[in-house]
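Each chain gets a letter, A, B and so on, in the order the sequences are listed, and its residues count up from 1.
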Amino acid sequence: MTGALWELFFKGVWITVQLMVYSAALAAVVAFGIGMARTSRLWIVRFLSGVYVEFFRGTSALVLMFWLFFALPLLGWQLAGMWAGTLALGLSYGAYGSEVVRGSIQAVAPAQREAAIALSFTPWQRMRKVILPQAVPEMLPPFNNLLIELLKGTALASLLSIGELTFQAKLARLSTGQSAQVYGIILVLYFVIAFVVTRIMRLLERRAKASIGRAPEKSGWFSRRLPIDRQGPQVITAPGGKP
Amino acid sequence: MNNWSWEYVGDILPDLLQGLWITVQATLYGSLVAFALGLVWALLLRSPSRWVTWPVSIVVEFIRNTPLLVQLFFLFFVLPGWGLTFPALATGVIGLGLHYSTYTAEVYRAGIDGVPEGQWEAATALSLSRRRTWTSVILPQAFRRVVPALGNYVIAMFKDTPMLAAITVAEMLFRANSIGATTFDYMEPITVVGVLFVVISYPTSLLLRALERRLVR
(Lines give C-alpha, C1' and ligand atoms only; values in the text may rest on other atoms or scores of the structure.)
Protein backbone atom coordinates (compact mmCIF):
# COMPACT_ATOMS: atom_id res chain seq x y z
CA MET A 1 0.00 0.00 0.00
CA THR A 2 1.62 3.18 -1.17
CA GLY A 3 0.94 6.79 -0.26
CA ALA A 4 -0.84 7.37 -3.56
CA LEU A 5 -3.33 4.65 -2.75
CA TRP A 6 -4.08 6.11 0.65
CA GLU A 7 -4.67 9.45 -1.02
CA LEU A 8 -7.14 7.72 -3.33
CA PHE A 9 -8.94 6.21 -0.33
CA PHE A 10 -9.17 9.47 1.56
CA LYS A 11 -10.54 11.22 -1.51
CA GLY A 12 -13.13 8.43 -1.57
CA VAL A 13 -13.94 8.92 2.11
CA TRP A 14 -14.51 12.62 1.49
CA ILE A 15 -16.93 12.00 -1.38
CA THR A 16 -18.70 9.29 0.63
CA VAL A 17 -19.16 11.72 3.51
CA GLN A 18 -20.45 14.41 1.15
CA LEU A 19 -22.89 12.00 -0.45
CA MET A 20 -24.05 10.88 2.98
CA VAL A 21 -24.58 14.44 4.23
CA TYR A 22 -26.49 15.55 1.11
CA SER A 23 -28.74 12.54 1.02
CA ALA A 24 -29.29 12.66 4.79
CA ALA A 25 -30.41 16.29 4.44
CA LEU A 26 -32.84 15.36 1.67
CA ALA A 27 -34.00 12.31 3.62
CA ALA A 28 -34.66 14.48 6.69
CA VAL A 29 -36.80 16.88 4.66
CA VAL A 30 -38.73 13.98 3.12
CA ALA A 31 -39.06 12.20 6.47
CA PHE A 32 -40.55 15.20 8.25
CA GLY A 33 -42.73 16.22 5.31
CA ILE A 34 -44.17 12.79 4.67
CA GLY A 35 -44.19 11.77 8.33
CA MET A 36 -46.26 14.81 9.34
CA ALA A 37 -48.48 14.42 6.28
CA ARG A 38 -49.33 10.90 7.45
CA THR A 39 -50.84 12.31 10.62
CA SER A 40 -52.94 14.83 8.68
CA ARG A 41 -56.67 15.21 9.19
CA LEU A 42 -57.38 15.03 5.45
CA TRP A 43 -57.65 11.48 4.18
CA ILE A 44 -56.28 12.34 0.74
CA VAL A 45 -53.05 13.68 2.27
CA ARG A 46 -52.72 10.58 4.44
CA PHE A 47 -53.43 8.35 1.44
CA LEU A 48 -50.94 10.01 -0.92
CA SER A 49 -48.17 10.09 1.67
CA GLY A 50 -48.94 6.44 2.44
CA VAL A 51 -48.56 5.57 -1.24
CA TYR A 52 -45.22 7.38 -1.30
CA VAL A 53 -43.94 5.41 1.68
CA GLU A 54 -45.11 2.04 0.44
CA PHE A 55 -43.69 2.66 -3.02
CA PHE A 56 -40.25 3.76 -1.92
CA ARG A 57 -40.01 1.10 0.77
CA GLY A 58 -41.23 -1.52 -1.66
CA THR A 59 -38.63 -1.05 -4.33
CA SER A 60 -34.89 -1.31 -4.16
CA ALA A 61 -32.72 1.80 -3.68
CA LEU A 62 -30.26 0.51 -6.24
CA VAL A 63 -32.95 0.02 -8.88
CA LEU A 64 -34.21 3.54 -8.16
CA MET A 65 -30.70 4.88 -8.55
CA PHE A 66 -30.27 3.12 -11.87
CA TRP A 67 -33.63 4.39 -13.00
CA LEU A 68 -32.70 7.99 -12.18
CA PHE A 69 -29.33 7.63 -13.85
CA PHE A 70 -30.13 5.58 -16.96
CA ALA A 71 -33.85 5.90 -17.62
CA LEU A 72 -34.54 9.51 -16.69
CA PRO A 73 -32.21 10.94 -19.38
CA LEU A 74 -34.59 9.42 -21.94
CA LEU A 75 -37.28 11.76 -20.60
CA GLY A 76 -34.94 14.66 -21.14
CA TRP A 77 -33.28 15.12 -17.75
CA GLN A 78 -29.67 14.06 -17.47
CA LEU A 79 -28.62 13.91 -13.85
CA ALA A 80 -25.00 13.95 -12.76
CA GLY A 81 -24.09 10.75 -10.90
CA MET A 82 -23.83 12.57 -7.59
CA TRP A 83 -27.35 13.97 -8.02
CA ALA A 84 -28.84 10.65 -9.00
CA GLY A 85 -27.21 9.04 -5.99
CA THR A 86 -28.35 11.78 -3.61
CA LEU A 87 -31.91 11.72 -4.93
CA ALA A 88 -32.25 7.94 -4.85
CA LEU A 89 -30.82 7.62 -1.33
CA GLY A 90 -32.64 10.66 0.03
CA LEU A 91 -36.02 9.63 -1.38
CA SER A 92 -35.87 6.02 -0.26
CA TYR A 93 -34.30 6.51 3.17
CA GLY A 94 -36.66 9.45 3.66
CA ALA A 95 -39.52 6.99 3.29
CA TYR A 96 -38.11 4.85 6.11
CA GLY A 97 -37.47 7.99 8.16
CA SER A 98 -41.05 9.17 7.71
CA GLU A 99 -42.24 6.08 9.57
CA VAL A 100 -39.95 7.01 12.45
CA VAL A 101 -41.34 10.57 12.44
CA ARG A 102 -44.93 9.34 12.31
CA GLY A 103 -44.35 6.81 15.07
CA SER A 104 -42.71 9.36 17.36
CA ILE A 105 -45.41 11.98 16.75
CA GLN A 106 -48.09 9.45 17.55
CA ALA A 107 -46.18 8.34 20.65
CA VAL A 108 -46.43 11.79 22.25
CA ALA A 109 -48.88 11.55 25.15
CA PRO A 110 -52.40 12.47 23.94
CA ALA A 111 -52.86 14.70 26.99
CA GLN A 112 -50.13 16.98 25.63
CA ARG A 113 -52.11 17.48 22.45
CA GLU A 114 -55.29 18.07 24.41
CA ALA A 115 -53.56 20.58 26.67
CA ALA A 116 -52.36 22.48 23.60
CA ILE A 117 -55.91 22.49 22.22
CA ALA A 118 -57.16 23.75 25.59
CA LEU A 119 -54.66 26.60 25.33
CA SER A 120 -56.21 27.27 21.89
CA PHE A 121 -52.98 26.81 19.96
CA THR A 122 -53.38 26.57 16.21
CA PRO A 123 -52.53 23.10 14.73
CA TRP A 124 -49.23 24.47 13.48
CA GLN A 125 -48.31 25.98 16.85
CA ARG A 126 -49.29 22.73 18.49
CA MET A 127 -46.96 20.79 16.23
CA ARG A 128 -44.08 23.24 16.53
CA LYS A 129 -44.22 24.11 20.22
CA VAL A 130 -45.64 21.02 21.90
CA ILE A 131 -45.50 17.87 19.78
CA LEU A 132 -42.19 18.10 17.90
CA PRO A 133 -40.01 19.16 20.85
CA GLN A 134 -41.12 15.99 22.59
CA ALA A 135 -41.09 13.75 19.53
CA VAL A 136 -37.65 14.69 18.19
CA PRO A 137 -35.59 13.22 21.05
CA GLU A 138 -37.51 9.97 20.55
CA MET A 139 -36.61 9.97 16.87
CA LEU A 140 -32.87 10.23 17.33
CA PRO A 141 -32.00 6.60 18.17
CA PRO A 142 -33.85 5.18 15.12
CA PHE A 143 -32.42 8.02 13.01
CA ASN A 144 -28.98 6.95 14.15
CA ASN A 145 -29.66 3.45 12.81
CA LEU A 146 -31.04 4.87 9.60
CA LEU A 147 -28.00 7.07 9.11
CA ILE A 148 -25.77 3.99 9.30
CA GLU A 149 -28.03 2.29 6.75
CA LEU A 150 -27.70 5.37 4.57
CA LEU A 151 -23.92 5.34 4.92
CA LYS A 152 -23.92 1.74 3.73
CA GLY A 153 -26.25 2.75 0.93
CA THR A 154 -23.72 5.26 -0.40
CA ALA A 155 -21.64 2.31 -1.57
CA LEU A 156 -24.32 1.71 -4.23
CA ALA A 157 -23.37 4.99 -5.88
CA SER A 158 -20.06 3.41 -6.89
CA LEU A 159 -22.03 1.58 -9.60
CA LEU A 160 -22.80 4.97 -11.17
CA SER A 161 -19.03 5.65 -11.22
CA ILE A 162 -19.14 8.35 -8.58
CA GLY A 163 -15.65 8.45 -7.10
CA GLU A 164 -16.68 7.48 -3.60
CA LEU A 165 -14.96 4.97 -1.36
CA THR A 166 -16.16 1.76 -3.02
CA PHE A 167 -15.38 3.11 -6.48
CA GLN A 168 -11.86 4.09 -5.39
CA ALA A 169 -11.46 0.58 -4.03
CA LYS A 170 -12.29 -0.77 -7.45
CA LEU A 171 -9.61 1.44 -9.01
CA ALA A 172 -7.10 0.46 -6.34
CA ARG A 173 -7.83 -3.21 -6.90
CA LEU A 174 -7.38 -2.88 -10.63
CA SER A 175 -4.03 -1.14 -10.22
CA THR A 176 -2.56 -3.32 -7.46
CA GLY A 177 -4.42 -6.63 -7.82
CA GLN A 178 -4.43 -6.97 -4.03
CA SER A 179 -8.13 -7.60 -3.52
CA ALA A 180 -7.99 -8.79 0.09
CA GLN A 181 -6.01 -5.81 1.35
CA VAL A 182 -7.94 -3.21 -0.63
CA TYR A 183 -11.42 -4.40 0.29
CA GLY A 184 -10.32 -5.15 3.84
CA ILE A 185 -9.12 -1.57 4.27
CA ILE A 186 -12.30 -0.19 2.71
CA LEU A 187 -14.47 -2.20 5.07
CA VAL A 188 -12.51 -0.88 8.05
CA LEU A 189 -12.85 2.69 6.74
CA TYR A 190 -16.64 2.32 6.50
CA PHE A 191 -16.67 0.89 9.99
CA VAL A 192 -14.71 3.88 11.30
CA ILE A 193 -17.09 6.35 9.62
CA ALA A 194 -20.07 4.46 11.08
CA PHE A 195 -18.46 4.57 14.51
CA VAL A 196 -17.90 8.32 14.35
CA VAL A 197 -21.46 8.93 13.10
CA THR A 198 -22.89 6.81 15.91
CA ARG A 199 -20.90 8.68 18.57
CA ILE A 200 -22.05 12.05 17.24
CA MET A 201 -25.67 10.91 17.15
CA ARG A 202 -25.40 9.60 20.72
CA LEU A 203 -24.12 12.99 21.81
CA LEU A 204 -27.04 14.76 20.12
CA GLU A 205 -29.42 12.28 21.66
CA ARG A 206 -28.08 12.83 25.18
CA ARG A 207 -28.43 16.59 24.73
CA ALA A 208 -31.94 16.34 23.30
CA LYS A 209 -33.09 14.01 26.05
CA ALA A 210 -31.55 16.23 28.72
CA SER A 211 -33.28 19.29 27.27
CA ILE A 212 -36.68 17.76 27.94
CA GLY A 213 -35.58 16.34 31.27
CA ARG A 214 -35.20 12.67 30.42
CA ALA A 215 -32.32 10.29 30.98
CA PRO A 216 -30.76 8.81 27.83
CA GLU A 217 -31.12 5.08 27.23
CA LYS A 218 -28.28 2.95 28.44
CA SER A 219 -26.11 1.70 25.64
CA GLY A 220 -22.89 -0.13 24.96
CA TRP A 221 -19.73 1.30 23.50
CA PHE A 222 -20.82 0.61 19.97
CA SER A 223 -24.04 -1.30 19.78
CA ARG A 224 -27.46 -0.38 20.96
CA ARG A 225 -30.01 -2.90 22.06
CA LEU A 226 -33.46 -1.94 20.87
CA PRO A 227 -36.50 -3.85 22.04
CA ILE A 228 -38.10 -5.73 19.18
CA ASP A 229 -41.69 -4.83 19.97
CA ARG A 230 -41.20 -1.08 19.78
CA GLN A 231 -39.29 0.58 16.95
CA GLY A 232 -37.18 -2.55 16.51
CA PRO A 233 -34.51 -2.98 13.92
CA GLN A 234 -37.08 -4.05 11.34
CA VAL A 235 -38.30 -0.48 10.87
CA ILE A 236 -35.08 0.40 9.16
CA THR A 237 -34.81 -2.01 6.34
CA ALA A 238 -38.11 -3.62 5.61
CA PRO A 239 -41.51 -2.44 4.51
CA GLY A 240 -43.52 -4.65 6.85
CA GLY A 241 -42.41 -3.26 10.18
CA LYS A 242 -45.07 -1.26 11.91
CA PRO A 243 -43.66 0.95 14.62
CA MET B 1 -37.94 11.93 -25.43
CA ASN B 2 -38.79 8.35 -26.05
CA ASN B 3 -42.24 6.85 -25.96
CA TRP B 4 -43.10 4.01 -23.68
CA SER B 5 -43.42 0.90 -25.82
CA TRP B 6 -45.49 -1.99 -24.52
CA GLU B 7 -44.23 -4.12 -27.37
CA TYR B 8 -40.68 -3.67 -26.11
CA VAL B 9 -41.85 -4.55 -22.59
CA GLY B 10 -43.40 -7.74 -23.97
CA ASP B 11 -40.14 -8.63 -25.69
CA ILE B 12 -37.96 -8.22 -22.61
CA LEU B 13 -40.39 -9.53 -19.99
CA PRO B 14 -39.48 -13.25 -20.31
CA ASP B 15 -35.82 -12.46 -19.79
CA LEU B 16 -36.58 -10.25 -16.78
CA LEU B 17 -38.82 -12.91 -15.27
CA GLN B 18 -35.97 -15.41 -15.57
CA GLY B 19 -33.91 -12.85 -13.68
CA LEU B 20 -36.69 -12.66 -11.11
CA TRP B 21 -36.36 -16.40 -10.58
CA ILE B 22 -32.63 -15.98 -9.81
CA THR B 23 -33.53 -13.08 -7.50
CA VAL B 24 -36.04 -15.25 -5.64
CA GLN B 25 -33.57 -18.11 -5.37
CA ALA B 26 -30.88 -15.83 -3.99
CA THR B 27 -33.36 -14.43 -1.46
CA LEU B 28 -34.52 -17.85 -0.30
CA TYR B 29 -31.07 -19.41 0.05
CA GLY B 30 -29.75 -16.19 1.58
CA SER B 31 -32.58 -16.29 4.15
CA LEU B 32 -31.75 -19.87 5.10
CA VAL B 33 -28.12 -18.88 5.73
CA ALA B 34 -29.20 -15.76 7.62
CA PHE B 35 -31.72 -17.61 9.79
CA ALA B 36 -29.28 -20.37 10.74
CA LEU B 37 -26.23 -18.18 11.26
CA GLY B 38 -28.25 -15.53 13.11
CA LEU B 39 -29.35 -18.13 15.65
CA VAL B 40 -25.73 -19.19 16.09
CA TRP B 41 -24.68 -15.56 16.75
CA ALA B 42 -27.60 -15.04 19.14
CA LEU B 43 -26.77 -18.14 21.16
CA LEU B 44 -23.03 -17.37 21.23
CA LEU B 45 -23.79 -13.84 22.42
CA ARG B 46 -25.61 -15.32 25.42
CA SER B 47 -22.56 -17.28 26.45
CA PRO B 48 -21.49 -16.61 30.04
CA SER B 49 -17.86 -16.27 28.96
CA ARG B 50 -16.63 -12.86 27.85
CA TRP B 51 -14.01 -14.59 25.74
CA VAL B 52 -16.86 -15.71 23.51
CA THR B 53 -19.20 -12.70 23.60
CA TRP B 54 -16.55 -10.05 22.94
CA PRO B 55 -15.09 -11.40 19.69
CA VAL B 56 -18.54 -12.40 18.44
CA SER B 57 -20.06 -8.99 19.12
CA ILE B 58 -17.13 -7.28 17.40
CA VAL B 59 -17.56 -9.47 14.32
CA VAL B 60 -21.33 -8.91 14.30
CA GLU B 61 -21.03 -5.13 14.69
CA PHE B 62 -18.37 -5.00 12.01
CA ILE B 63 -20.46 -6.90 9.48
CA ARG B 64 -23.56 -4.91 10.37
CA ASN B 65 -21.91 -1.50 10.04
CA THR B 66 -20.20 -2.01 6.69
CA PRO B 67 -21.88 -2.03 3.28
CA LEU B 68 -23.17 -5.27 1.85
CA LEU B 69 -21.90 -4.25 -1.59
CA VAL B 70 -18.30 -4.01 -0.37
CA GLN B 71 -18.67 -7.29 1.47
CA LEU B 72 -19.87 -8.89 -1.75
CA PHE B 73 -16.86 -7.52 -3.64
CA PHE B 74 -14.61 -8.76 -0.86
CA LEU B 75 -16.01 -12.29 -1.07
CA PHE B 76 -16.13 -12.27 -4.86
CA PHE B 77 -12.52 -11.23 -5.36
CA VAL B 78 -10.90 -12.69 -2.27
CA LEU B 79 -12.41 -16.16 -1.88
CA PRO B 80 -10.95 -17.44 -5.18
CA GLY B 81 -7.55 -16.21 -3.98
CA TRP B 82 -7.94 -18.47 -0.96
CA GLY B 83 -8.65 -21.38 -3.25
CA LEU B 84 -12.43 -21.28 -2.74
CA THR B 85 -14.07 -20.92 -6.12
CA PHE B 86 -17.85 -20.69 -6.11
CA PRO B 87 -20.31 -19.70 -8.80
CA ALA B 88 -21.29 -16.01 -8.52
CA LEU B 89 -24.74 -16.87 -7.17
CA ALA B 90 -23.26 -18.91 -4.29
CA THR B 91 -20.95 -16.03 -3.40
CA GLY B 92 -23.95 -13.72 -3.42
CA VAL B 93 -25.94 -16.05 -1.20
CA ILE B 94 -23.06 -16.29 1.28
CA GLY B 95 -22.71 -12.49 1.30
CA LEU B 96 -26.43 -11.81 1.73
CA GLY B 97 -26.78 -14.51 4.36
CA LEU B 98 -23.76 -13.37 6.33
CA HIS B 99 -24.81 -9.71 6.24
CA TYR B 100 -28.40 -10.35 7.28
CA SER B 101 -27.43 -12.92 9.91
CA THR B 102 -26.20 -9.98 12.00
CA TYR B 103 -29.70 -8.51 11.84
CA THR B 104 -31.53 -11.76 12.48
CA ALA B 105 -29.25 -12.32 15.50
CA GLU B 106 -30.77 -9.20 17.02
CA VAL B 107 -34.26 -10.48 16.23
CA TYR B 108 -33.59 -13.81 17.92
CA ARG B 109 -32.04 -12.03 20.89
CA ALA B 110 -35.15 -9.92 21.35
CA GLY B 111 -37.35 -12.97 20.84
CA ILE B 112 -35.46 -14.94 23.49
CA ASP B 113 -35.48 -11.98 25.89
CA GLY B 114 -39.23 -11.76 25.36
CA VAL B 115 -39.83 -15.20 26.86
CA PRO B 116 -41.05 -14.54 30.42
CA GLU B 117 -38.57 -15.16 33.24
CA GLY B 118 -41.03 -17.61 34.81
CA GLN B 119 -40.53 -20.01 31.92
CA TRP B 120 -36.82 -20.33 32.75
CA GLU B 121 -37.65 -20.82 36.39
CA ALA B 122 -40.28 -23.42 35.57
CA ALA B 123 -37.75 -25.31 33.45
CA THR B 124 -35.31 -25.23 36.36
CA ALA B 125 -38.03 -26.39 38.75
CA LEU B 126 -38.75 -29.34 36.48
CA SER B 127 -34.98 -29.94 36.48
CA LEU B 128 -34.85 -30.00 32.70
CA SER B 129 -31.37 -30.16 31.22
CA ARG B 130 -29.90 -27.06 29.58
CA ARG B 131 -30.52 -28.53 26.15
CA ARG B 132 -34.09 -29.53 26.99
CA THR B 133 -34.78 -26.06 28.41
CA TRP B 134 -33.73 -24.47 25.15
CA THR B 135 -35.30 -26.90 22.71
CA SER B 136 -38.63 -27.59 24.42
CA VAL B 137 -39.32 -24.44 26.42
CA ILE B 138 -37.52 -21.31 25.29
CA LEU B 139 -36.98 -21.61 21.54
CA PRO B 140 -40.53 -22.73 20.61
CA GLN B 141 -41.90 -19.64 22.37
CA ALA B 142 -39.22 -17.36 20.98
CA PHE B 143 -39.78 -18.52 17.40
CA ARG B 144 -43.42 -17.50 17.49
CA ARG B 145 -42.42 -13.94 18.27
CA VAL B 146 -39.62 -13.70 15.74
CA VAL B 147 -41.40 -14.99 12.63
CA PRO B 148 -42.84 -11.62 11.51
CA ALA B 149 -39.56 -9.78 12.11
CA LEU B 150 -37.62 -12.46 10.26
CA GLY B 151 -40.10 -12.10 7.40
CA ASN B 152 -39.33 -8.41 7.25
CA TYR B 153 -35.68 -9.22 6.74
CA VAL B 154 -36.54 -11.60 3.94
CA ILE B 155 -38.22 -8.67 2.16
CA ALA B 156 -35.23 -6.47 2.92
CA MET B 157 -32.93 -9.10 1.47
CA PHE B 158 -35.13 -9.40 -1.59
CA LYS B 159 -34.71 -5.67 -2.17
CA ASP B 160 -30.95 -5.92 -1.74
CA THR B 161 -30.49 -8.64 -4.35
CA PRO B 162 -29.92 -6.09 -7.17
CA MET B 163 -26.48 -5.62 -5.62
CA LEU B 164 -25.64 -9.12 -6.78
CA ALA B 165 -25.67 -7.70 -10.32
CA ALA B 166 -22.36 -6.06 -9.42
CA ILE B 167 -20.78 -9.49 -8.95
CA THR B 168 -22.23 -10.79 -12.25
CA VAL B 169 -25.21 -12.74 -10.90
CA ALA B 170 -27.72 -12.67 -13.76
CA GLU B 171 -30.64 -11.43 -11.64
CA MET B 172 -33.22 -8.83 -12.72
CA LEU B 173 -31.18 -5.65 -12.60
CA PHE B 174 -28.24 -7.32 -14.32
CA ARG B 175 -30.48 -8.41 -17.18
CA ALA B 176 -32.24 -5.04 -17.37
CA ASN B 177 -28.88 -3.36 -17.55
CA SER B 178 -27.54 -5.60 -20.29
CA ILE B 179 -30.77 -5.23 -22.29
CA GLY B 180 -30.42 -1.47 -21.95
CA ALA B 181 -26.80 -1.61 -23.03
CA THR B 182 -27.70 -3.39 -26.27
CA THR B 183 -30.86 -1.46 -27.20
CA PHE B 184 -29.78 1.92 -25.77
CA ASP B 185 -33.19 2.11 -24.17
CA TYR B 186 -33.06 1.71 -20.41
CA MET B 187 -36.46 3.20 -19.66
CA GLU B 188 -38.65 0.11 -19.97
CA PRO B 189 -36.30 -2.55 -18.54
CA ILE B 190 -35.39 -0.66 -15.38
CA THR B 191 -38.93 0.61 -14.81
CA VAL B 192 -40.30 -2.92 -15.14
CA VAL B 193 -37.72 -4.19 -12.65
CA GLY B 194 -38.62 -1.46 -10.15
CA VAL B 195 -42.34 -2.19 -10.51
CA LEU B 196 -41.76 -5.94 -10.10
CA PHE B 197 -40.04 -5.23 -6.79
CA VAL B 198 -42.99 -3.21 -5.50
CA VAL B 199 -45.49 -5.73 -6.85
CA ILE B 200 -43.84 -8.53 -4.89
CA SER B 201 -42.67 -6.85 -1.72
CA TYR B 202 -45.78 -4.82 -0.92
CA PRO B 203 -48.28 -7.72 -0.80
CA THR B 204 -45.71 -9.78 1.09
CA SER B 205 -45.40 -7.07 3.72
CA LEU B 206 -49.20 -6.92 4.03
CA LEU B 207 -49.25 -10.68 4.57
CA LEU B 208 -46.57 -10.33 7.23
CA ARG B 209 -48.56 -7.68 9.05
CA ALA B 210 -51.53 -10.04 9.12
CA LEU B 211 -49.29 -12.83 10.38
CA GLU B 212 -47.87 -10.52 13.02
CA ARG B 213 -51.33 -9.74 14.35
CA ARG B 214 -52.00 -13.46 14.60
CA LEU B 215 -48.76 -14.65 16.14
CA VAL B 216 -47.81 -11.89 18.54
CA ARG B 217 -50.72 -12.06 20.96
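- Residue-environment remark: CH2 (B:W120) exceeds the threshold of 12 foreign heavy atoms within 6.0 Å.
- A distance of 7.5 Å separates CZ of B:R64 from NZ of A:K152, quoted to the nearest 0.5 Å.
- Between the CD atom of A:E54 and the CG atom of B:L206 there is a distance of 7.0 Å, given to the nearest 0.5 Å.
- Summarising the geometry, atom CG belonging to B:L79 is positioned 10.5 Å from atom OG belonging to A:S179; distances are rounded to the nearest 0.5 Å.
- Among B:V154, B:V193, B:T191, the residue making the largest number of heavy-atom pairs under 4.5 Å with chain A is B:T191.
- Residue pairs meeting the salt bridge (charged side-chain N to carboxylate O under 4.0 Å, His left out) criterion with at least one partner in residues 38-53 of chain B, sequence neighbours excluded, are B:R46-B:D113.
- To the nearest 0.5 angstrom, A:R57 atom CZ is 9.5 Å from B:S201 atom OG.
- Ranked by heavy-atom pairs under 4.5 Å with chain B, the first of A:L72, A:V188, A:L151, A:L64 is A:V188.
- Relative orientation of the B:Y186 and A:F70 rings is parallel, given thresholds of 30° and 60° on the angle between their planes.
- In this view, B:R175 and B:D15 satisfy the salt bridge (charged side-chain N to carboxylate O under 4.0 Å, His left out) rule, not counting sequence neighbours.
- Residue A:L189 does not touch chain B at all, counting heavy-atom pairs closer than 4.5 Å.
- Annotation for A:Q106: atom CD counts as buried by contact number, over 12 foreign heavy atoms lying within 6.0 Å.
- With a threshold of 4.5 angstrom between heavy atoms, A:L159 approaches chain B through side-chain atoms but not through N, CA, C or O.
- Enclosure of atom CH2 in A:W83 is not indicated, since only 12 or fewer non-hydrogen atoms of other residues, nucleotides or ligands lie within 6.0 angstrom.
- Considering only heavy atoms from C-beta on, A:Y190 stays 4.5 Å or farther from B:N65 through its side chain.
- Distance check, rounded to the nearest 0.5 Å: OG1 of A:T198 to CD of B:E61 gives 8.5 Å.
- A:S60 and B:K159 make their closest contact through OG-O, 2.9 Å (heavy atoms, listed as atom of the first residue, atom of the second, distance).
- Heavy atoms closer than 4.5 Å to chain A are found in the side chain of B:N177, but not in its backbone.
- With values rounded to the nearest 0.5 angstrom, A:L62 atom CG is found 10.0 Å from B:L164 atom CG.
- Between A:T59 and B:F197, the shortest heavy-atom contact is OG1-CB, 3.7 Å.
- Evaluation of the side chain to side chain contact (heavy atoms under 4.5 Å, CB included) rule for B:V9 yields B:W4, B:W6, B:E188, B:V192 as partners, not counting sequence neighbours.
- Contacts between residues 66-78 of chain B and chain A, counted as heavy-atom pairs separated by less than 4.5 Å, involve B:T66, B:P67, B:L69, B:V70, B:Q71, B:F73, B:F74, B:F77, B:V78.
- Residue B:Y8 places its OH atom among more than 12 non-hydrogen atoms of other residues, nucleotides or ligands, all under 6.0 Å distant.
- With a 4.5 Å cut-off on non-hydrogen atoms, A:S158 touches chain B through its side chain but not through its backbone.
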